[in-house]
Structure formats: C-alpha cells, structure tokens
Novice: 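Please read through the structure below; I'll follow up with questions.
Sequence positions, counted from 1, serve as the residue numbers for this chain. Side-chain atoms are counted along with the backbone in the values below, which use heavy atoms only and exclude waters and symmetry mates. What you are looking at is a predicted structure, and each value in this text was computed from that prediction instead of being measured.
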Amino acid sequence: MICDLQKASLWKRASSFLFDVIIFAVVAIGIAALMSTILKFDERDDLIEQRKEAYVKKYEAEYLAEHGESCELNLDLPYDEMSDGQKEIYANVDKALRSDSSVSHAYMMVISLSFVMITVSAMIANILLEFVVPMILGNGQTFGKKLFGLGVMRTNSVKATPVALFIRMLLGKHTIETMVPVALILMMYFGIIGIVGPIVILGFIILEIVVVCTTHTNSMIHDLISDTVVVDIHTQMIFESEQALIDYKKKLHEEEVSRAKY
C-alpha cells in the first residue's frame with residue numbers, strides 16, 4: 001500500500017461499469033414494472049390500441065362499401081410503401097385518433113407516466129446502487145467495483161465523504177449521465193424531437209471520452225463534479241481524514257530525517 005495515486009486501469013473500470021449497468025438495468029426495470037402496475041399504465045396503452053383497431057376496421061369497411069373492394073391497412077408497413085387505398089384509410093384513422101379526446105388523454109398520460117416511471121425508477125436504482133451500497137461496502141465501492149478491486153476516494157487520497165458520494169450520484173451519475181440521455185431517447189421515441197436528439201447524445205459521449213482521456217486522473221464527469229477518483233483498492237492508501245494524511249506525511253518525513261543522520 002502506497003500514498004501516491006494508484007489510478008485504476010481503464011479495462012477494470014470498463015468491466016466494473018458494464019457490471020454495474022447490468023445490475024442498474026435489472027433494478028430499474030423491476031421498479032418501473034411495479035410502478036406500471038400501480039399506475040395502471042398498460043390500461044391506458046391498451047385503450048389506445050383498442051381505439052386504433054376499431055378505427056382501422058371502421059374505415060376498412062367504409063372503403064369496401066365505397067370502392068367495392070377490400071383493402072387491409074398494415075400499420076407496420078412504412079407509409080411510402082402503402083398502396084393508395086391503405087394511405088386513404090391511414091389518413092382517416094390518423095384524423096379520427098387525433099380528434100378522439102379519450103385517445104388524446106390516454107396518449108398524454110402514457111407519455112407523462114413513461115417519464116415519471118423512468119425518472120423515479122432510475123433515481124431509486126441510483127440511490128441504492130451508487131450511494132447506499134457504497135456506504136455499506138465502504139470506500140465508495142459498488143458491486144462492480146467490489147468485484148474488480150476498485151474504490152473511490154477524494155483526489156487528495158482521503159476517504160470520500162457521504163456528501164461527496166451523494167453529489168457524485170445525484171448530479172453526475174443520475175442527472176447528467178442517466179437522465180439526460182434517457183430523456184432525449186424518450187423524446188425521440190414519442191416524436192417530440194428529431195435529429196437533434198442523436199446529435200446531442202453523440203456529443204455527450206464524445207465529451208465523456210475527451211474528459212476521461214485529458215484529465216490526469218482519467219476521471220469521468222461524475223468524478224470531476226465530486227472531486228473524486230477511481231483507484232485500485234489493493235495498492236492505494238485511503239486515509240480516513242485529512243488529519244490522518246498529514247500525520248502520515250509527518251511520520252514519513254521524520255523517518256526520512258532519521259535515516260539521513262546515518
């Protein structure tokens with residue numbers, strides 16, 4: 001064990017990160033599924049699908065009565081590949097859905113509940129896995145860091161405080177690195193934003209890579225925010241307090257002076 005900064009290797013950090021992401025996904029999805037049941041999310045989604053199917057059947061029947069030939073609408077087919085008859089039915093269905101107040105309300109609820117469930121489930125998962133677990137295991141270790149022999153400390157080799165770990169989790173892990181990309185993906189899925197979403201996400205990934213490669217501690221954004229660093233727990237000395245660090249350096253200095261006399 002030595003006092004100098006023992007940065008964790010990138011492959012260990014990458015392996016630890018992937019392991020933690022898998023656990024995070026399992027926990028977050030489980031919480032989201034529970035919330036979905038409590039908030040009756042599927043009922044609203046089913047209502048939209050039922051109304052859509054009813055309108056499709058209605059306008060298919062009207063097309064048959066008007067043109068004397070049947071035409072089935074395949075909603076999975078790209079619009080450009082639809083026949084003229086299918087495009088006519090699709091336009092009628094789309095207009096009917098937009099003017100249906102029950103569908104509009106259900107659709108807005110689906111969007112709102114999606115954001116709520118993902119935000120809350122991600123927050124709870126991050127609090128448990130990136131704050132509670134590190135507090136229990138000690139030295140800022142998540143399950144992944146424990147498995148690969150990594151730890152988190154302040155950049156001056158002093159143990160990370162609960163406040164630092166909470167800031168690291170809340171502002172870095174949750175807000176910037178989880179919710180910003182997730183919110184953009186959700187908005188892309190619901191058609192709220194277009195090409196801007198992928199561009200911002202790509203820019204964010206590039207920024208994270210640049211930060212890791214250019215900082216002397218190879219830190220990610222969440223570590224820069226909390227003034228922490230990921231280290232090899234087996235070779236890094238982590239002091240309980242700044243006073244303990246000062247006392248250790250004094251001890252080393254006294255030993256060096258003592259040896260110099262001989």
Novice: For Lys87, I'd like to know if atom NZ has over 12 heavy atoms of other residues, nucleotides or ligands within 6.0 Å.
Specialist: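 Enclosed: over 12 neighbouring heavy atoms sit under 6.0 Å from NZ of Lys87.
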Novice: State plainly whether one hydrophobic cluster holds both Phe148 and Leu137, where clusters connect Ile, Leu, Val, Met, Phe, Trp and Tyr through side-chain heavy atoms under 4.5 angstrom apart.
Specialist: yes
Novice: Working note: Val133 + Gln141, criterion side-chain contact (heavy atoms from CB on, under 4.5 Å); need CA distance, chi angles, decisive distance, verdict.
Specialist: CA-CA 7 Å; Val133 170; Gln141 289 185 306; over 6 Å; no
Novice: Working note: Phe131 + Asn126, criterion side-chain contact (heavy atoms from CB on, under 4.5 Å); need CA distance, chi angles, decisive distance, verdict.
Specialist: CA-CA 7 Å; Phe131 181 69; Asn126 271 321; over 6 Å; no
Novice: Side chains of Thr228 and Val152: closer than 4.5 Å at any heavy-atom pair?
Specialist: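 Yes, close enough: below the 4.5 Å cut-off.
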Novice: Once rounded to the nearest 0.5 Å, what's the spacing between atom CG of Asp76 and atom CD of Glu81?
Specialist: 11.5 Å
Novice: Can you sort out the partners of Glu66 under side-chain hydrogen bond (donor to acceptor under 3.5 Å, both in side chains), two or more places apart, ordered by chain and number?
Specialist: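 Glu66: no side-chain hydrogen bond (donor to acceptor under 3.5 Å, both in side chains) contacts found.
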Novice: Got a second to check how far Lys173's NZ is from Leu165's CG, nearest 0.5 Å?
Specialist: 11.5 Å
Novice: Checking the side chain of Arg13 only, and the main-chain atoms of Asn218 only, is there a donor and an acceptor separated by less than 3.5 Å?
Specialist: yes
Novice: Any donor-acceptor pair under 3.5 Å linking the side chain of Gln86 with the backbone of Ser83?
Specialist: yes
Novice: Please report the interatomic distance CG(Leu34) to CG(Leu39), rounded to the nearest 0.5 Å.
Specialist: 9.0 Å
Novice: Any heavy-atom pair between the side chains of Leu245 and Ser241 that's under 4.5 Å?
Specialist: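 The answer is no; the side chains never approach within 4.5 Å.
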Novice: Determine whether the side chains of Asp247 and Gln243 contain a donor N or O and an acceptor N or O closer than 3.5 Å.
Specialist: yes
Novice: Let me see the working for Asp20 and Leu129 under side-chain contact (heavy atoms from CB on, under 4.5 Å), right down to the final yes or no.
Specialist: CA-CA 8 Å; Asp20 284 335; Leu129 301 175; over 6 Å; no
Novice: Please check if Ile185 and Val200 belong to a single hydrophobic cluster, counting links between Ile, Leu, Val, Met, Phe, Trp and Tyr side chain heavy atoms closer than 4.5 Å.
Specialist: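 Cluster IDs for Ile185 and Val200 match.
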Novice: In Å, rounded to the nearest 0.5 Å, how long is the span from NZ of Lys145 to CG of Asp232?
Specialist: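 Between atom NZ of Lys145 and atom CG of Asp232 there are 13.0 Å.
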Novice: I'd like to know whether Thr142 forms a side-chain contact (heavy atoms from CB on, under 4.5 Å) with Phe19, so could you lay out the CA-CA distance, the side-chain angles of the two residues, the decisive distance to 0.1 Å, and finally the verdict.
Specialist: CA-CA 10 Å; Thr142 59; Phe19 188 84; over 6 Å; no
Novice: Does any N or O in the side chain of Ser121 come within less than 3.5 Å of the main-chain N or O of Ile118, such that one atom is a donor and the other an acceptor?
Specialist: yes
Novice: Might you confirm whether atom CZ of Phe17 has over 12 heavy atoms from other residues, nucleotides or ligands at distances under 6.0 Å?
Specialist: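 No, CZ of Phe17 has 12 or fewer neighbouring heavy atoms, counting only those of other groups under 6.0 Å.
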Novice: Evaluate the ring planes of Tyr248 and Phe239, with Trp represented by its six-membered ring, and classify them as parallel (under 30°), tilted (30 to 60°) or perpendicular (over 60°).
Specialist: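 Tyr248 and Phe239: tilted rings.
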Novice: Work out which heavy atom in Arg51 is nearest to a heavy atom in Ser102; give both atom names and the distance.
Specialist: NE-OG, 4.2 Å
Novice: Could you tell me whether Phe143 atom CZ has more than 12 heavy atoms of other residues or ligands within 6.0 Å of it?
Specialist: no
Novice: Among the clusters formed by ILVMFWY side chains lying less than 4.5 Å apart, do Ile221 and Val230 turn up in the same one?
Specialist: no
Novice: Going by side-chain heavy atoms closer than 4.5 Å, which hydrophobic residues are tied to Val212, directly or by a chain of links?
Specialist: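 Direct or chained contacts put Val212 with Leu10, Met220.
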Novice: Is the NZ atom of Lys12 crowded by more than 12 outside heavy atoms at less than 6.0 Å?
Specialist: yes
Novice: If only atom types and distance count, is the side chain of Thr37 paired as donor or acceptor with the main-chain N or O of Ala33 below 3.5 Å?
Specialist: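 Yes, the answer is positive, given that a donor and an acceptor are paired below the 3.5 Å cut-off.
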Novice: Treating Asn92 as the side-chain partner and Glu88 as the backbone partner, does any N or O pair qualify as donor plus acceptor under 3.5 Å?
Specialist: yes
Novice: Measuring from Ile167:CD1 to Met169:CE, what's the distance to the nearest 0.5 Å?
Specialist: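 With rounding to 0.5 Å, CD1 (Ile167) is 10.0 Å from CE (Met169).
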Novice: Any link between Leu224 and Leu170 through a network of hydrophobic side chains (Ile, Leu, Val, Met, Phe, Trp, Tyr) touching at under 4.5 Å?
Specialist: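 The answer is no; the residues belong to distinct hydrophobic clusters.
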Novice: Quick check: closest heavy atoms across Arg98 and Ser104, and the distance to 0.1 Å?
Specialist: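 Smallest heavy-atom distance, with atoms named: O-OG, 3.5 Å.
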Novice: Please answer: with hydrophobic residues joined when any side-chain heavy atoms are less than 4.5 Å apart, are Ile176 and Val163 in the same cluster?
Specialist: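 In one cluster: yes.
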Novice: Do Tyr55 and Asp100 have a side chain donor and acceptor closer than 3.5 Å?
Specialist: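 A donor-acceptor contact under 3.5 Å links the two side chains.
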Novice: Does the side chain of Leu47 reach to within under 4.5 Å of the side chain of Val103, using non-hydrogen atoms?
Specialist: no
Novice: Donor-acceptor check, side chain of Thr215 to backbone of Val211, threshold 3.5 angstrom: yes or no?
Specialist: yes
Novice: Side chains of Ser157 and Ile238: closer than 4.5 Å at any heavy-atom pair?
Specialist: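 Not touching, per the 4.5 Å side-chain cut-off.
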Novice: Which pair of non-hydrogen atoms, one from Gly85 and one from Cys71, has the smallest distance, and what is that distance?
Specialist: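 What the structure gives for the nearest pair is C-SG, 3.6 Å.
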Novice: For this output row, return yes or no: ring centroids of Tyr79 and Tyr90 closer than 6.0 angstrom.
Specialist: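 So the answer is yes for these two rings.
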Novice: Using atom types as modelled and distance alone, determine if a side-chain donor or acceptor of Ser99 lies under 3.5 Å from a backbone N or O of Ala96.
Specialist: yes
Novice: Closest approach of Ser226 and Ala164, non-hydrogen atoms and distance?
Specialist: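 Distance-wise, the nearest heavy atoms are CB-O, 3.5 Å.
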Novice: So for atom NE2, which belongs to His67, do other residues, nucleotides or ligands contribute more than 12 heavy atoms lying within a distance under 6.0 Å?
Specialist: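 Count over threshold, so yes.
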Novice: If every non-hydrogen atom of Phe24 is compared with every non-hydrogen atom of Ala122, which pair is closest and at what distance?
Specialist: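 Smallest interatomic distance, heavy atoms only, reads CE1-O, 3.7 Å.
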Novice: Between Ser219 and Asp223 (side chain of the first, backbone of the second, donor and acceptor by atom type, cut-off under 3.5 Å), is there such a pair?
Specialist: no
Novice: So how far is it from Ile38 CD1 to Leu113 CG, rounded to the nearest 0.5 Å?
Specialist: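 Those atoms lie 12.0 Å apart.
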Novice: Provide the closest heavy-atom pair for Arg154 versus Val229 in the form atom of the first, atom of the second, distance.
Specialist: O-CG1, 4.0 Å
Novice: Could you tell me whether the side chain of Arg44 reaches within less than 4.5 Å of the side chain of His105, counting heavy atoms only?
Specialist: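 No, side chains not in contact.
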Novice: Are the charged groups of Glu49 and Lys52 less than 4.0 angstrom apart, N to O?
Specialist: yes
Novice: Are the side chain of Glu242 and the backbone N or O of Val158 linked by a donor-acceptor pair below 3.5 Å?
Specialist: no
Novice: Are side-chain heavy atoms of Val132 and Ile127 found at a separation under 4.5 Å?
Specialist: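 Val132 reaches Ile127 side chain to side chain.
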Novice: Is it the case that the side chain of Glu72 and the backbone of Glu60 share a donor-acceptor pair, with hydrogens and angles ignored and the cut-off at 3.5 Å?
Specialist: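 Checked: no pair found.
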Novice: For Glu62, look at atom CD and say whether over 12 heavy atoms of other residues, nucleotides or ligands are found less than 6.0 Å away.
Specialist: yes
